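What follows is a single structure, written as structure tokens, with notes after it.
Note that the structure is a prediction, hence the values are computed from the model and not measured.
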Amino acid sequence: MTRSRRLTSLLLTAALAGGGVLSAAPAHARVDAARPLGAAAPCKRAAAGERVPVVHRERDTPPVTAGARVALARVAGPRAGARNPAVVLPRQVRIPVRVHVIRGTRPGEHPNASRARLHQWIGLLNRGFAGRQVAGGESTRYHFALAGVDHTTREAWWHASSFDARDTQMKQALHVGSARTLNLYITGGPRDLLGWSRFPWQYAQRPRLDGVTITRKALPGGGLPGYDLGDTLIHETGHWLGLLHTFQGGCTGAGDLVADTPAEASPSYYCDESRDTCPSPGSDPVHNFMDYSPDRCMDTFTPGQAVRMDRAWLRWRAP
């Protein structure tokens with residue numbers, strides 16, 4: 001889908017809807033290029049020996065409202081008076097990371113958050129954002145550095161879920177730093193969630209709620225088959241830097257407002273490189289960090305996503 005088509009659809013959606021949520025199609029839905037939109041089509045089967053995922057991440061961001069889509073459209077590409085990230089931003093943007101380790105009060109309710117593990121997590125972030133998970137991966141300018149860690153024992157916070165009252169209370173109590181500081185919360189979380197994040201345009205209204213939460217099971221060695229290599233941390237930090245899901249809006253509408261991420265009807269839960277769920281050009285971006293593929297499959301951002309992060313940084317985190 002070209003950028004002009006996406007922006008046109010965006011403005012029409014904003015004008016007609018006046019708000020609402022961009023939601024993915026159900027995970028079982030598929031639209032085939034050879035079929036008219038809305039026609040039934042079978043699911044793709046998992047690869048031989050691949051387990052069916054038991055976790056979902058549809059609640060990993062707040063709703064993307066019509067107002068947010070319009071704001072994103074304004075930073076999505078060059079416009080009169082826009083600052084050029086390549087000129088304004090330094091070659092490397094260093095982001096301090098404050099890690100908040102939450103523990104429960106019952107046996108086993110604590111993550112392995114040794115100093116070595118903390119540096120492992122930061123290293124994982126840096127490899128992903130430097131494009132080093134795959135040959136020829138897209139390098140961004142974002143580099144993360146551990147700026148501090150604290151440990152809190154609170155049963156309710158250990159079980160916090162995305163954007164619920166416990167999550168809000170935890171972040172209001174622990175958040176430190178500015179819009180440029182990545183507050184990373186490590187919790188037990190609910191059974192079916194890996195992590196969640198706020199978007200950069202939400203910082204001004206509720207700064208103390210800004211940050212990324214990752215559940216213990218989604219970190220390296222967390223024990224959840226398919227999702228315990230740590231790429232959820234990269235995925236959620238991508239949201240924190242202004243990226244939407246690659247399947248945002250399905251096959252129609254504005255999509256994720258990044259021209260080089262092909263539209264897809266629903267999240268990818270497997271590493272099926274032949275997956276092509278929308279009639280617009282391009283196979284589904286199953287290797288993209290902003291899809292829902294297993295960790296072994298997620299390994300790259302696109303050049304357009306790197307530019308999006310730069311423009312979002314200038315608009316919402318750098319000022």
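Checked by atom type, the side-chain pair R275/S266 shows a donor-acceptor distance below 3.5 Å. Under the 3.5 Å distance criterion, with hydrogens and angles disregarded, a donor-acceptor pair is assigned to the side chains of T246 and E264.
Between the NE2 atom in H287 and the OG1 atom in T300 there is a gap of 9.5 Å [rounded to 0.5 Å]. The distance from atom CG of D291 to atom OH of Y269, rounded to the nearest 0.5 Å, is 9.0 Å. Note that CG of D256 and CG of L244 are 6.0 Å apart. Values are rounded to the nearest 0.5 Å. Here CG of L194 is found 6.0 Å from CG of L224. Values are rounded to the nearest 0.5 Å. Separation of atoms CG (L241) and CD1 (I234) is listed at 12.0 Å; rounding is to 0.5 Å. For the atom pair I186 CD1 and R103 CZ, the distance stands at 12.5 Å (nearest 0.5 Å).
At a threshold of 4.5 Å between side-chain heavy atoms, the hydrophobic network of Ile, Leu, Val, Met, Phe, Trp and Tyr places L125 and I95 in one connected group.
For R117, the side chain to side chain donor-acceptor pair (under 3.5 Å) criterion is met by no residue, not counting sequence neighbours. The ring pair (Phe, Tyr, Trp, His ring centres under 6.0 Å) check on W313 picks up Y142, with sequence neighbours excluded.
Less than 6.0 angstrom separates the ring centroid of H239 from the ring centroid of F199.
For the pair W316 and V75, the minimum side-chain heavy-atom distance is below 4.5 Å. E109 places a side-chain heavy atom less than 4.5 Å from the side chain of E155. Contact check for W121 versus I214: no side-chain heavy atoms found under the 4.5 Å cut-off. At least one side-chain heavy atom of R296 sits less than 4.5 Å from a side-chain heavy atom of C271. Between Q169 and W157 the shortest side-chain heavy-atom distance falls below 4.5 Å.
A side chain to side chain donor-acceptor pair (under 3.5 Å) with D310 holds for exactly one of R141, Q305, R315; it is R141.
Counting all heavy atoms, side chain and backbone alike, H100 lies closest to L174 at CE1-O, 3.1 Å.
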